[in-house]
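Note sheet for the following structure.
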Amino acid sequence: MKSTRKCRTLLSVSLNFFALLFSITAFITTYWCVGTQRVPKPKCSKLRTHQCIDYGVNETDPNKVVYSWETGDDRFLFRQFHTGIWSSCEENIHDESERCRSFIDLAPASEKGMLWLSLISEMLYIVLLVVGFSLMCLELVHSSNVIDGLKLNAFAAIFTVLSGLLGMVAHVMYTQVFQVTVSHGPPDWRPYNWDYGWSFCIAWASFTCCMGASVTTLNSYTKTVIEFRHKRKTFEQSIREEDAREAFGYLREHSVHSLSKSVEIYSSQSMQGGRKTPIPVDSLDLSDITASLGEEQC
């Protein structure tokens, strides 16, 4: 029982560890959503001769009409961007660096409250995962004491379930805020196309590990309680059977002793001057009494 319970606890600790690792990684990275943005091409210059619009040498002459043969999507650049919970970064069209902006500032005013709730829920999710992981590690240390282990197991299961619920709420709220920001965000940020990134995937992988850890912990608690109750019931039943056997043996020995003593008293008094002493009815057998009466009549 102890080794099985320890194996279940190790499985719960492992799942909780991966959930904590994935959640922290997703929280600090900026690849929840990735995609491209369409921005107008800049003017060509001496430093930039490609991916630009060439207006010709007469662009400074106001009397000259300037034509550009760039039409449709040829007039735009498609730069990559990636967005996390805290910030959004996109390529800089002028050099190879990136420009990052706070995603809280990019979100519409109507969605800022939900975004803050998502951030708070995500942080509470990580904190509760840390608490659950600590309790599971303490349970491994106190594995020799079943009662203390059950208490730690129950609290670890509660904290893990609560953390999983908060993580799910945080992820759903962030998804909704991002979708609204795509439609109503700043024009210079709105993506041309986008998809969910690897940070979003490991965030949900963290939630899956968290739920797996909570289910394993609850299962371990339930099995331990059932096994403990079964063993206690079996022990109590064996004690009752032992007491019943001892009581039966005592009563049998006491009855035989009382019967033999009554027979001895009756025999000794019969040998004396014809005086008979009544013998307890429950101490003698009826067949013995009948035999005695027959002998006296003879």
Side-chain angles (χ1 to χ4, degrees), residues 1-29 32 84-86 111 113-178 196 198-236:
M1 176 181 174
K2 186 183 296 185
S3 60
T4 305
R5 185 167 63 89
K6 189 173 182 179
C7 292
R8 292 196 294 262
T9 305
L10 283 173
L11 179 60
S12 300
V13 170
S14 301
L15 290 173
N16 200 310
F17 173 76
F18 283 112
L20 182 61
L21 179 64
F22 290 159
S23 63
I24 294 175
T25 304
F27 188 71
I28 63 178
T29 54
W32 284 64
I85 294 182
W86 294 99
E111 302 297 322
M114 184 175 292
L115 182 58
W116 277 111
L117 285 176
S118 175
L119 290 171
I120 294 173
S121 300
E122 194 72 29
M123 288 187 288
L124 288 176
Y125 169 57
I126 296 175
V127 170
L128 291 178
L129 278 178
V130 172
V131 174
F133 180 75
S134 303
L135 291 175
M136 291 178 186
C137 292
L138 286 176
E139 183 186 356
L140 284 176
V141 176
H142 293 81
S143 59
S144 58
N145 194 327
V146 178
I147 302 301
D148 292 341
L150 282 176
K151 291 178 181 179
L152 292 171
N153 195 282
F155 282 109
I158 292 172
F159 281 109
T160 308
V161 171
L162 289 177
S163 65
L165 293 176
L166 284 173
M168 180 184 65
V169 170
H171 301 162
V172 171
M173 286 193 299
Y174 175 80
T175 303
Q176 182 176 350
V177 171
F178 183 83
Y196 296 108
W198 60 267
S199 296
F200 187 81
C201 294
I202 67 170
W204 282 106
S206 171
F207 169 76
T208 304
C209 292
C210 177
M211 288 292 99
S214 63
V215 170
T216 305
T217 306
L218 288 173
N219 185 36
S220 176
Y221 176 81
T222 305
K223 283 188 175 181
T224 305
V225 170
I226 292 175
E227 291 174 358
F228 183 76
R229 289 180 177 177
H230 176 70
K231 287 196 171 186
R232 186 179 65 179
K233 184 178 180 180
T234 304
F235 177 75
E236 291 177 352

Legend entry - Audit row: Y196, T175, side chain to side chain contact (heavy atoms under 4.5 Å, CB included) steps and yes/no: CA-CA 9 Å; Y196 296 108; T175 303; 3.0 Å; yes
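Formation of a donor-acceptor pair under 3.5 Å by the S121 side chain with backbone atoms of S118 is not found in this model. Distance alone, capped at 3.5 Å, is enough to place a donor-acceptor pair between the W32 side chain and the A26 backbone.
Sorted by first and then second residue, the side-chain hydrogen bond (donor to acceptor under 3.5 Å, both in side chains) pairs with a member in residues 15-28 form an empty list; sequence neighbours excluded.
Under the rule for a ring-ring contact (aromatic ring centres under 6.0 Å, His included), F155 has no partner lying at least two apart in sequence or in another chain. W116 pairs by the ring-ring contact (aromatic ring centres under 6.0 Å, His included) definition with nothing, not counting sequence neighbours. For F159, there are no ring-ring contact (aromatic ring centres under 6.0 Å, His included) partners, not counting sequence neighbours. For T29, the side chain to side chain donor-acceptor pair (under 3.5 Å) partners are S199, not counting sequence neighbours. By the ring-ring contact (aromatic ring centres under 6.0 Å, His included) test, F17 pairs with no residue at all, sequence neighbours left out.
Relative orientation of the F18 and F22 rings is tilted, given thresholds of 30° and 60° on the angle between their planes.
Contact annotation: the side chain of S134 never approaches that of L138 to less than 4.5 Å [non-hydrogen atoms, C-beta and beyond].
Judged by distance alone, the side chains of Y125 and S206 do bring a donor and an acceptor atom under 3.5 Å apart.
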